[in-house]
Amino acid sequence: MACSGGRDSTALAGAAVFESRSTGWLVGAAVVDHRLQPGSANVAGGVSRRLSELGCDPVEILTVSVVGDGGPEAAARRARYEALSRTAARDDAVVLLGHTKDDQAETVLLGLARGSGTRSLAGMAPAWGCFRRPLLGVSRADTRRACEAMGLEVWDDPHNSDPRFARARVRACALPVLERTLGPGVADALARTAELARDDADALDALAEDLFTRATTDVGGLAVDVLAQAPNALRRRVLRSRALAAGSPAGEISAERIEAVDQLVTRWRGQKGVELPGHVAVRREQGELRFASKGQAPEVAPRLSGTLWEADPRR
């Protein structure tokens, strides 16, 4: 269990421990201390004690450093997933996450605002690597009632209502306005949209992966002549995946930036290149697109396992 002490992950922890009594599961828990708030160690300690009392064993506090590009939300998410991934690998475990249907709706709205395409509208995947999200069909109201029914104490993270963060603003303002304007059921509709978009995106990603392989050169560039013959939807997926591999943060690559890179293929007039988030520079040289971190030579493109989009932890 990855548990912050909030209602969603605490409800899931209670459900997992309950199910373990008949299934024989071993249910441990990890509490991530991001050290972003005064007293965070005390909060993590309190959550850890409650999880032990609930029946999770072992319970571990993972202390992380939130650094790097992409703003505090992206950096915290990156640090959290890296720590959880290491712990899961060590214990040969899967990690249950407490994201709900409401979280999924917020993710779809944030993706729509970025204009990042079908994959962003697909929201969070039910399963990705060692991670599982069993509550994507469950509302936040349901997890609140579950905690009340089980008598579980919860902790409300003040960052969840801090208007400095985009997700908090969507939660407090955007979704309530949509519900009042369009009627109830907006969160359900957005979650259904995510499911439909994911099916479409998975099919297109499989085709794009083949294109990625055919277009990748020995020095890690992308052959312009191969890309130019591909449909727009596949070509732009390949460009985005190569930008991710070069170090551009997934949550910051807008459709506008990918379009600018695409024009190096489709509307080449000697442009100098395109700068992407994460200090990634894209240049067209000798019939190839070359991706490199600023001030460094282009590197050979890594072989991404599973899918082109596996590097994105929001999945």
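None of these values were measured; they are calculated from a predicted model. When a residue number appears, it is its place in the shown sequence, counting from 1. The basis for the numbers below is simple: all heavy atoms, side chains too, and nothing from hydrogens, waters or symmetry mates.
- Among residue pairs with one or both ends in residues 225-234, those qualifying as side chain to side chain donor-acceptor pair (under 3.5 Å) are Asn232-Arg235; sequence neighbours excluded.
- From Asp200, atom CG reaches atom CD of Glu195 across 12.5 Å, with rounding to the nearest 0.5 Å.
- Summarising the geometry of Gly123 relative to Ala194, their closest heavy-atom pair is N-CB, 4.4 Å, with the distance given to 0.1 Å.
- Here the CG-CZ distance, from Leu12 to Arg133, works out to 12.0 Å after rounding to the nearest 0.5 Å.
- Note that CZ of Phe212 and CG of Asp205 are 12.0 Å apart. Values are rounded to the nearest 0.5 Å.
- Side chain of Thr118 to backbone of Ala197: no donor-acceptor contact under 3.5 angstrom is found.
- A side chain to side chain donor-acceptor pair (under 3.5 Å) check over residues 23-33, counting only residues at least two apart or in different chains, returns the pairs Thr23-Trp25, Asp33-Ser40.
- Once rounded to the nearest 0.5 Å, the distance linking OG of Ser52 with CG of Asp57 reads 7.0 Å.
- Residue pairs satisfying the salt bridge (Lys or Arg N to Asp or Glu O under 4.0 Å) criterion with at least one member in residues 141-155, sequence neighbours excluded, are listed as follows: Arg50-Glu153, Asp142-Arg145.
- Follow the hydrophobic side-chain contacts under 4.5 Å out from Leu196 and you never reach Leu136; the two are in separate clusters.
- Follow the hydrophobic side-chain contacts under 4.5 Å out from Leu175 and you never reach Leu135; the two are in separate clusters.
- Proximity of Leu239 to Leu264: side-chain heavy atoms (C-beta onward) are nowhere separated by under 4.5 Å.
- Between the CG atom in Leu96 and the CZ atom in Phe131 there is a gap of 11.0 Å [rounded to 0.5 Å].
- Taking a 6.0 Å sphere around CZ of Arg90, one finds it holds more than 12 heavy atoms contributed by other residues, nucleotides or ligands.
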query = When you look at Arg35 and Ser65, which way does the side chain to side chain donor-acceptor pair (under 3.5 Å) test go after all the steps?
reply = CA-CA 7 Å; Arg35 298 187 293 182; Ser65 297; 2.7 Å; yes
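- Leu26 places none of its side-chain heavy atoms less than 4.5 Å from the side chain of Ser20.
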query = Does the salt bridge (Lys or Arg N to Asp or Glu O under 4.0 Å) test come out yes or no for Arg236 and Glu259, once each step is laid out?
reply = CA-CA 8 Å; Arg236 289 170 182 165; Glu259 172 63 22; 2.8 Å; yes
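- When the side chain to side chain contact (heavy atoms under 4.5 Å, CB included) test is applied to Ala15, no partner is found at least two apart in sequence or on another chain.
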key: Test salt bridge (Lys or Arg N to Asp or Glu O under 4.0 Å) applied to Glu106 and Arg140, step by step   = CA-CA 12 Å; Glu106 293 160 7; Arg140 198 171 287 144; 3.0 Å; yes
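- Atom CG of Leu54 sits about 9.5 Å away from atom CE of Met1, to the nearest 0.5 Å.
- Applying the salt bridge (Lys or Arg N to Asp or Glu O under 4.0 Å) test to residues at least two apart or on different chains, the pairs with a partner in residues 175-189 are Lys101-Asp188.
- At distances below 3.5 Å, not a single donor-acceptor pair connects side-chain atoms of Arg171 with backbone N or O atoms of Ser161.
- Of all non-hydrogen atoms in Cys56 and Gly28, the two that sit nearest each other are CB-C, 4.3 Å.
- Taking Gln37 as the reference, Trp155, Asp157, Pro158, His159 meet the side chain to side chain contact (heavy atoms under 4.5 Å, CB included) condition, with sequence neighbours excluded.
- At distances below 3.5 Å, not a single donor-acceptor pair connects side-chain atoms of Glu60 with backbone N or O atoms of Val31.
- The number of heavy atoms from other shown groups lying within 6.0 Å of CG (Leu182) is above 12.
- Under a 3.5 Å cut-off, the side chain of Thr216 and the backbone N or O of Thr213 do not form any donor-acceptor pair.
- The closest side-chain heavy-atom distance from His34 to Arg80 is below 4.5 Å.
- Here the side chain of Arg283 pairs no donor or acceptor atom with the backbone of Gly273 at under 3.5 angstrom.
- Without hydrogens or angle criteria, Arg169 side chain to Asp162 main chain gives no donor-acceptor distance under 3.5 Å.
- Leu110 and Phe165 fall into different hydrophobic clusters, where Ile, Leu, Val, Met, Phe, Trp and Tyr residues are linked whenever their side-chain heavy atoms come under 4.5 Å apart, directly or through other members.
- A distance-only check finds no donor-acceptor pair linking the side chain of Ser248 to the backbone of Ala243 [under 3.5 Å].
- In the model, Thr100 has a side-chain atom that pairs as donor or acceptor with a side-chain atom of Asp103 under 3.5 Å.
- The only option from Arg290, Glu288, Gln286 that meets the side chain to side chain donor-acceptor pair (under 3.5 Å) definition with Thr217 turns out to be Glu288.
- For the pair Thr10/Cys3, a side-chain contact is recorded, criterion being any heavy-atom separation below 4.5 Å from C-beta on.
- Hydrophobic cluster membership differs between Val32 and Val59, with clusters built from Ile, Leu, Val, Met, Phe, Trp and Tyr side chains linked at under 4.5 angstrom.
- Looking at Ser241, its side chain does come within 3.5 Å of a backbone N or O of Val238 through a donor-acceptor pair.
- Residues Leu204 and Val261 are members of one and the same hydrophobic cluster, defined by side-chain heavy-atom contacts under 4.5 angstrom among Ile, Leu, Val, Met, Phe, Trp and Tyr.
- Counting only distance, with no hydrogens or angles, the side chain of Thr193 and the backbone of Ala189 share a donor-acceptor pair below 3.5 Å.
- Arg7 contributes no side-chain N or O that, together with a main-chain N or O of Thr143, makes up a donor-acceptor pair within less than 3.5 Å.
- There is a side-chain donor-acceptor pair under 3.5 Å between Arg167 and Thr107.
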